[in-house]
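Chain naming here is simple, since letters A, B, ... match the order of the sequence lines and numbering starts at 1 in each. All values derive from a computational prediction rather than experimental measurement.
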Amino acid sequence: MSEKMVFLALQDNEDARPIREAIEADNPLAVITQFPGVYKIDAPGRLVINRESVEERIGRAWNPQDIHLSLVTLSGNIDETEDYFALERT
Amino acid sequence: MAVKAAYENYSGPNRDAVENFHGNQLVYLGWDEHMMFPCAGVFPLPPQMPFGAIIKEVVPSAFSLHPDFASIDWGKVEWLLDGKSFNPTLDKSLEDNGVNHKSLIRMITPGLNGINNSGF
Amino acid sequence: MEQAKKMNMKEKYNAMTGDLAWDFSYKTEAEIFPLSDFEGIKIEDWSKWQDPFRLTMDAYWKYQGEKERKLYAVIDAFGQNNAHLGVTDARYINALKIFLTAVTPLEYGAHRGFAMTGRAFPGVGAQVASQMQSIDELRHAQTQLHTISQYNKYFDGLHDPFHMFDRVWYLSVPKSYFEDALSAGPFEFITAISFSFEYVLTNLLFMPFMSGAAYNGDMATVNFGFSAQSDESRHMTLGLEVIKFMLEQHPDNLPIIQRWIDKYFWRGYRLLGIVGMMMDYMLPKRVMSWKEGWEMYFEQNGKMLFDDLARYGITMPKFWEQSVEEKEHLTHQLWLTFYSYGHAAAFHTWIPDDSELDWLSEKYPNTFDKYYRPRLVYLREQEKLGKRFYNPSLPQLCQTCQIPMVYTDPKNPTKRVYRETIYNGDRFHFCSDACKEIFEHEPEKMSQAWLPPHQIFQGNCGGATIPDVLKHYHFTENDGGEFLHSRDNANWNLWKGLTPDEEAA
Ligand SMILES: [Fe+2]
Ligand SMILES: [Fe+2]
Ligand SMILES: [Zn+2]
């Protein structure tokens with residue numbers, strides 16, 4: 001694992017599940033730690049949530065800003081466009 | 001250093017000035033190695049009160065619940081006043097003993113160091 | 001007519017925030033923003049402000065509306081389903097009482113503070129971010145009050161939180177943290193709250209606490225907690241953005257900001273000790289220990305946050321090492337303190353049962369069995385003999401953090417730390433070198449602290465006896481004291497059809 005880690009935490013509910021799956025698919029180095037009601041996702045250097053990957057899972061349009069409804073906390077510098085939401089620390 | 005304020009000559013009341021205590025001054029009293037009382041207590045006392053009254057009245061009201069209390073040999077107690085060791089004159093006033101407003105008195109009882117010597 | 005080209009995210013953000021401002025024609029900027037420069041922070045170009053979330057006002061209302069709809073559906077269901085009976089046991093509610101009486105008024109204080117910064121900052125990006133946060137914080141206070149009204153129907157201690165907040169001795173700890181920040185300028189306030197409190201420390205307040213609520217079956221708290229916390233990511237990001245922006249604007253800002261970071265890290269750490277006590281002692285089902293939480297969220301993540309800022313010359317907050325040295329003692333000492341002052345608190349205290357003591361031994365192998373288990377066992381035996389221990393005297397408080405002066409030298413945990421300084425001929429007392437330094441930097445301000453025990457002796461709290469003071473606090477006879485003998489415990493046993501605890505008989 002790289003020295004510099006980023007993380008985010010999501011509420012453990014149905015709305016966040018496709019986001020979690022998209023993260024797992026697109027960030028092979030991400031590690032998920034489960035706590036009651038919430039999980040924390042750590043990754044070295046960069047963690048990205050791609051709009052397309054979420055849309056594939058839910059079968060409708062998804063705006064990366066919808067992450068605001070599920071986000072519990074984060075650590076890292078935000079890089080955000082119409083197509084992805086990412087955290088970076090380099 | 002000084003506070004940076006939105007206007008010049010910022011100042012405020014000294015909230016705990018001795019004048020605010022109706023003729024009393026505040027005295028803090030702690031017992032070392034007896035953490036059952038997790039911190040020193042604070043007491044409003046007349047500056048003319050003899051130091052002996054601290055031993056007779058204030059100390060028991062604060063600390064007599066501790067099982068070590070009954071075994072204290074008052075001739076052996078060591079005192080700290082505001083961090084320095086100190087030999088109080090029992091019939092002299094707090095003032096004359098140098099116990100001032102917001103002074104801290106610490107009591108050390110050699111040989112008595114809490115339940116089973118644990119500092120509690 | 002040609003259709004307007006769809007704006008991309010950045011263009012839309014600029015149009016919906018920065019372009020909302022206007023130029024002044026008949027007043028100068030200094031007249032309109034009189035609080036923007038007395039703290040010494042120099043801003044050359046407010047247009048360089050970039051909100052990393054790029055949330056526009058219309059998107060903000062949409063998301064917040066959705067969060068509210070979800071939350072109130074849950075709160076309604078809570079009331080209809082007697083969901084208060086779903087928590088692990090009635091001891092748990094006492095952690096919630098501390099949270100709701102200590103933190104809910106802080107949410108309201110944050111609402112006021114960000115309303116102030118939204119008005120005081122000359123830059124429109126910072127104004128919009130402040131306004132959003134001010135509204136968020138008001139929402140947090142409201143949702144927590146609605147949760148209080150659910151629990152207040154069934155449990156003691158929650159009937160008058162705002163009255164208590166302005167008077168009660170231990171609530172002066174969070175109150176004084178926030179009022180220190182609120183009474184400073186806008187840049188110090190936003191550094192204190194957005195950066196030090198929300199960005200550096202808030203993970204420890206919400207992650208273990210809300211996770212703890214979920215683990216202990218408290219769905220109302222989980223819901224207001226996560227609903228509030230979903231705003232918190234935005235607040236934390238604002239905290240980081242503010243710091244970077246100030247540092248990029250002028251090199252003279254660095255020492256001022258570093259001092260604020262040092263100050264509010266320490267004050268926030270002192271405040272969070274109470275959360276630590278909740279994690280280790282008050283949750284019947286525990287998520288993680290204070291020590292583990294501090295390691296995860298401060299020692300590891302906090303160090304990375306400060307590494308990010310190293311390029312600007314920012315260093316780890318002064319005295320952070322001491323927080324690490326104290327981590328195996330802190331929560332035990334605080335719980336013993338509240339236990340000994342349990343007759344003057346609006347929540348119940350107790351001695352953990354044996355399996356809980358074993359959990360603490362496992363989490364604190366270097367200190368718990370050596371120092372703290374024997375104390376707790378002794379107090380439990382005293383209680384069984386009918387001699388529940390309460391400390392009869394009022395506590396000596398630290399002038400800065402306002403916590404009773406209970407902290408010890410980590411190398412010698414039966415020796416209390418006493419620090420003092422003389423200012424204008426009067427003596428002032430501190431729990432630590434850090435609290436002493438904070439005072440010495442601003443003695444004109446900190447010497448005005450409203451210390452509850454001193455106020456009692458000045459005659460400002462309803463009388464000189466403990467019952468007089470508790471009446472002044474609006475405490476009832478059922479609010480405090482030993483859990484075993486509490487009305488909460490008796491009611492709980494009745495509702496759940498449990499046999500009363502034999503100790504309580
Ligand atoms: Fe909040
Ligand atoms: Fe917040
Ligand atoms: Zn302090």
Go through T202(C), N203(C), V222(C) and name the one with the most non-hydrogen pairs under 4.5 angstrom from chain A. N203(C)

Looking at side-chain heavy atoms only, is the closest gap between R89(A) and L305(C) below 4.5 Å? yes

Flag side-chain contact, heavy atom, 4.5 Å: F226(C) against L10(A): no

When you compare the side chain of S230(C) with that of V72(A), does any pair of heavy atoms fall below 4.5 Å? no

Nearest non-hydrogen partners of Q65(A) and R54(C), listed with the distance: NE2-O, 3.2 Å

Using heavy-atom distances under 4.5 Å, tell me whether F53(C) contacts chain A through its side chain, its backbone, both, or neither. both

State, yes or no, whether a side-chain contact exists between M207(C) and T73(A) at a heavy-atom distance under 4.5 Å. yes

Under a 4.5 Å cut-off applied to non-hydrogen side-chain atoms, are D66(A) and Y63(C) in contact? yes

Relative to chain A, which segment of Y60(C) carries a heavy atom at a distance below 4.5 Å: side chain, backbone, both, or neither? neither

Are D15(A) and K70(C) packed together at the side-chain level, in the sense that at least one heavy-atom pair is separated by less than 4.5 angstrom? yes

For the side chain of S211(C) and the backbone of F35(A), is there at least one donor-acceptor N/O pair under 3.5 Å apart? no

If one checks every heavy atom of M236(C) against chain A at 4.5 Å, the contacting part turns out to be side chain

side-chain contact (heavy atoms from CB on, under 4.5 Å) between K40(A) and M296(C), worked out: CA-CA 12 Å; K40(A) 182 167 177 265; M296(C) 179 182 295; 3.9 Å; yes

When rounded to the nearest 0.5 Å, the distance separating NE2 of H68(A) from NZ of K62(C) is 10.5 Å

Between CD of Q300(C) and OG of S75(A), what distance do you get to the nearest 0.5 Å? 11.5 Å

Hey, are the side chains of Q11(A) and Q229(C) touching, using non-hydrogen atoms and a 4.5 Å cut-off? no

Take atom CD of E52(A) as the centre, draw a 6.0 Å sphere, and report whether it contains more than 12 heavy atoms from other residues, nucleotides or ligands. no

Around atom NZ of K48(C), are there more than 12 heavy atoms from other residues, nucleotides or ligands closer than 6.0 Å? no

Using side chain to side chain donor-acceptor pair (under 3.5 Å), reason through N77(A) and K244(C) one step at a time and then give a plain yes or no. CA-CA 11 Å; N77(A) 298 291; K244(C) 285 185 188 164; 2.6 Å; yes

L71(A) side, atom CG; T237(C) side, atom OG1 - distance, nearest 0.5 Å: 8.0 Å

